[in-house]
Trainee: 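Handing you a structure now.
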Amino acid sequence: MSSAEQRRTDWMVFESYDDFIDPSQPELTVEGYPAPLRVFVKGIA
């Protein structure tokens with residue numbers, strides 16, 4: 001998922017994904033840790 005999908009909206013006015021990602025190095029958080037990865041997994045039974 002991209003940061004556009006995890007953005008601040010009129011309904012969600014608190015911090016969002018972009019507030020915690022380093023703008024100069026998007027692969028890191030502002031603290032210097034690796035940025036979180038989000039995946040979508042769909043199972044078929």
Side-chain angles (χ1 to χ4, degrees):
M1 296 184 175
S2 71
S3 61
E5 296 169 309
Q6 302 174 47
R7 67 193 180 283
R8 183 176 289 146
T9 66
D10 291 340
W11 293 348
M12 195 211 67
V13 295
F14 44 90
E15 289 89 359
S16 70
Y17 182 80
D18 282 337
D19 294 313
F20 299 98
I21 299 301
D22 185 338
S24 64
Q25 294 180 306
E27 67 277 359
L28 299 175
T29 64
V30 292
E31 297 92 356
Y33 294 107
L37 300 174
R38 294 188 70 187
V39 297
F40 176 81
V41 178
K42 180 179 179 180
I44 299 174

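Keep in mind it's a predicted model, so treat the numbers as computed, not measured. Here, residue 1 is the first one in the sequence, and each next residue gets the next number.
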Trainee: Write down the atom of P26, the atom of A35, and the distance for their closest heavy-atom approach.
Mentor: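 Scanning both residues, the minimum pair turns out to be O-CB, 3.7 Å.
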Trainee: Distance from I21 atom CD1 to T29 atom OG1, nearest 0.5 Å?
Mentor: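 Between I21 CD1 and T29 OG1, I get 6.5 Å after rounding to 0.5 Å.
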Trainee: Who pairs with P23 by side chain to side chain contact (heavy atoms under 4.5 Å, CB included), at least two apart in sequence or on another chain?
Mentor: none
Trainee: Please enumerate all residues that pass side chain to side chain donor-acceptor pair (under 3.5 Å) together with E27, with sequence neighbours excluded.
Mentor: none
